[in-house]
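A short write-up of the structure that comes next.
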Amino acid sequence: MSAHGDPIPMSARRAGPLSGVAEVPGDKSISHRALILGALSVGETRITGLLEGQDVLDTARAMRAFGADVAHLGPGEWVVNGVGVGGFAEPADVIDCGNSGTGVRLIMGAMATSPVTATFTGDASLRARPMGRVTDPLALFGAAAYGRAGGRLPMTVVGAAEPVPVRYVVPVPSAQVKSAVLLAGLNAPGETVVIEREATRDHTERMLAGFGAAVHVEQTGEGRVIVLTGQPELRPQTIAVPRDPSSAAFPVCAALIVEGSDVLVPGIGLNPTRAGLFTTLIEMGADLSYENLREEGGEPVADLRARFSPDMKGIEVPAERAPSMIDEYPVLAVVAAFAEGVTRMPGIRELRVKESDRIAAMAAGLRACGATVEEGEDWMAVTGMGPGGLPGGATCATHLDHRIAMSFLCAGMAAQRPVTIDDVGPIATSFPVFEPLMEGLGAAFTRAGA
């Protein structure tokens with residue numbers, strides 16, 4: 001069932017080639033962080049290109065609930081008047097983070113070292129996701145969390161009245177956990193140290209430095225060591241949010257598997273901690289190129305051109321690449337079904353605890369469409385059927401997961417028979433213009449009852 005009403009099934013079928021310019025929305029990860037750090041700064045932060053999907057809108061509402069003045073000026077244009085580090089007020093009501101694991105975990109971190117109490121909830125998918133991986137390190141600062149069995153929402157977090165700095169080794173590669181600890185460290189005295197054995201997306205470190213925090217990053221024998229000096233006065237910023245590489249993945253991958261396609265996706269953020277999918281596709285033989293490479297707002301950016309690629313081959317994706325493309329494995333699995341040979345994806349255990357168990361969801365849906373898929377606890381392997389080879393004809397369960405929904409719609413654009421998803425509703429959490437954007441390129445979608 002959709003998080004925002006009754007389920008809305010949708011089918012995608014093979015149509016003509018995809019062509020044109022795909023202007024995908026702003027980066028979701030950067031949008032969340034811009035709102036939160038704007039709320040923790042003193043003065044007015046102006047944001048353009050903000051993703052206005054449900055996940056980010058829920059974070060904007062949460063910042064208002066904690067006392068920041070957050071105003072929408074126009075499409076993608078927002079202004080945040082912050083309350084400063086340690087200035088959060090106690091919310092008057094429960095904070096509903098909808099479907100957003102990023103939102104709830106970062107917000108918990110941001111409030112955990114202030115003497116306020118907040119209760120968090122979310123939709124059915126978010127209420128099933130584990131929060132202990134964040135609340136455990138937040139407890140080291142002095143915060144306390146009380147939730148359902150298994151550390152699940154609804155959950156009340158009591159912020160530390162006298163926080164202490166923390167040295168924390170992140171046990172699994174997770175930008176959400178790292179970011180929650182760094183945000184908590186803002187209002188702790190002294191130095192908070194976070195150590196990653198495997199690097200994850202570094203938007204939080206980059207943006208903290210941009211807002212004026214003292215952040216030092218060094219690669220050592222222990223791993224990637226991030227040292228944050230607490231209790232700064234963050235300076236408001238003007239932020240231009242680059243377009244989201246995770247959203248760009250869908251028009252890019254669809255173009256690679258739909259015969260005759262040629263699609264340009266402009267202004268995509270190519271932060272090296274996020275660009276693993278594009279590297280992998282090129283290694284498979286995809287006709288994918290970067291044009292107009294540049295830097296915007298401290299982030300590398302380029303225009304991506306993707307053309308139909310009938311000669312793609314299966315590869316083994318290096319396990320160490322997983323953190324840089326963790327959200328893109330579902331759509332990579334679809335591309336793999338249209339390549340030749342086996343694409344093996346090891347080191348992806350984190351997919352088991354996303355909005356859904358994404359390994360299980362993709363394996364089940366692709367098998368229903370006629371593909372051969374093997375899976376283990378932390379790996380998946382897809383045997384490709386070549387260009388146009390996937391039979392299709394199945395209805396795939398989305399499990400309230402926006403990326404599962406979009407991935408199977410991409411499969412339907414190139415399969416022999418239409419592919420149906422049980423609910424298009426979750427797509428609005430991250431890519432609210434997915435349907436019109438893809439139809440503008442030439443995709444053929446049909447909503448049930450339409």
Side-chain angles (χ1 to χ4, degrees), residues 1-12 24 28 53-55 98-102 122-129 244-254 257 277 322 325-338 343 345 348-371 373-375 378-382 390 392-415 418-432 434-435 437-438 443 445 447-448:
M1 181 173 177
S2 170
H4 306 289
D6 293 334
I8 307 167
M10 176 182 278
S11 298
V24 303
K28 185 167 72 157
Q54 192 59 48
D55 282 3
N99 187 249
S100 182
T102 300
D123 68 7
S125 170
L126 190 61
R127 292 196 304 273
R129 296 176 69 181
D244 196 324
S246 295
S247 295
F250 298 102
V252 164
C253 288
I257 62 176
L277 171 70
M325 55 181 292
I326 196 66
D327 287 331
E328 286 73 68
Y329 280 99
V331 75
L332 175 64
V334 168
V335 172
F338 291 92
T343 298
M345 297 162 258
I348 57 173
R349 184 186 308 272
E350 186 73 6
L351 292 184
R352 296 283 187 189
V353 293
K354 287 288 189 176
E355 283 84 336
S356 66
D357 180 338
R358 287 178 172 167
I359 296 176
M362 290 307 301
L366 284 173
R367 287 178 187 134
C369 288
V373 184
E374 297 177 271
E375 62 172 294
D378 71 341
W379 63 274
M380 176 167 54
V382 178
L390 186 71
T395 295
C396 302
T398 61
H399 304 281
L400 287 176
D401 192 323
H402 51 125
R403 300 200 194 281
I404 301 298
M406 291 184 281
S407 296
F408 283 123
L409 289 174
C410 288
M413 296 177 207
V419 173
T420 301
I421 59 171
D422 62 357
D423 190 6
V424 73
I427 293 174
T429 64
S430 71
F431 200 160
F434 173 81
E435 187 178 348
L437 183 148
M438 296 303 298
F445 296 148
R447 286 185 177 229

*Find out whether Leu366 and Phe408 are in side-chain contact, i.e. whether some heavy atom of one side chain is under 4.5 Å from a heavy atom of the other.*
yes

*Taking the six-membered ring for Trp, are Phe434 and Phe250 parallel (under 30°), tilted (30 to 60°) or perpendicular (over 60°)?*
perpendicular

*Taking the side chain as every heavy atom from C-beta outward, state whether Met345 and Val382 have any pair of such atoms under 4.5 Å apart.*
yes

*Take Met362 and Val373, measure what side-chain contact (heavy atoms from CB on, under 4.5 Å) needs, and give me the verdict at the end.*
CA-CA 9 Å; Met362 290 307 301; Val373 184; over 6 Å; no

*Ile326 and Lys354, any side-chain heavy atoms less than 4.5 Å apart*: yes

*Please step through side-chain contact (heavy atoms from CB on, under 4.5 Å) for the pair Phe431 and Met406, ending with a clear verdict.*
CA-CA 9 Å; Phe431 200 160; Met406 291 184 281; 3.6 Å; yes

*How long is the gap from CE on Met438 to CG on Leu409, to the nearest 0.5 Å?*
9.0 Å

*Do Arg129 and Glu355 sit within salt-bridge range, that is, some charged N less than 4.0 Å from a carboxylate O?*
yes

*asked:* With a 4.5 Å cut-off on side-chain heavy atoms, are Asn99 and Gln54 touching?
replied: no

*First locate atom CG of Asp401, then atom OG of Ser125, and finally report the distance between them rounded to the nearest 0.5 Å.*
6.5 Å

*asked:* Donor-acceptor pair, distance only, cut-off 3.5 Å: does the side chain of Asp327 make one with the backbone of Ser246?
replied: no

*Give the minimum heavy-atom separation between Ser11 and Thr420, together with the two atoms involved.*
OG-OG1, 2.6 Å

*Do Pro251 and Val24 come within less than 4.5 Å of each other through their side chains, counting heavy atoms only?*
yes

*What heavy-atom pair brings Ser100 and Asp55 nearest, and what distance separates the two atoms?*
CB-CG, 3.5 Å

*asked:* Does any part of the side chain of Cys253, heavy atoms only, come nearer than 4.5 Å to the side chain of Leu277, both counted from C-beta?
replied: yes

*Donor-acceptor pair, Arg127 side chain versus Gly122 backbone, under 3.5 Å?*
yes

_Test item: Ser407 side-chain N/O and Val331 main-chain N/O as donor-acceptor pair under 3.5 Å_ = yes

*Identify the two heavy atoms, one from Tyr329 and one from Leu351, that lie closest to each other, and give their separation to 0.1 Å.*
CB-CD1, 3.6 Å

*Quick one: does Asp422's side chain get under 4.5 Å of Pro7's, heavy atoms only?*
no

*Close side-chain approach of Met413 and Ile257, heavy atoms under 4.5 Å*: no

*Test side-chain contact (heavy atoms from CB on, under 4.5 Å) applied to Ile404 and Cys396, step by step*: CA-CA 9 Å; Ile404 301 298; Cys396 302; over 6 Å; no

*Closest approach of Ala124 and Leu400, non-hydrogen atoms and distance?*
CB-CD1, 4.0 Å

*In sequence, state the C-alpha distance, the side-chain angles, and the governing distance for Val424 and Arg447, and then conclude on side-chain contact (heavy atoms from CB on, under 4.5 Å).*
CA-CA 9 Å; Val424 73; Arg447 286 185 177 229; 4.1 Å; yes

*asked:* Salt bridge or not between Arg352 and Asp378? Use side-chain N to carboxylate O under 4.0 Å.
replied: no

*Kindly give the heavy-atom pair with the smallest separation between Cys410 and Val334, and that separation in Å.*
C-CG1, 4.4 Å

*asked:* If I compare all heavy atoms of Thr429 with all of Lys28, which pair ends up nearest, and what's the gap?
replied: O-CD, 4.4 Å

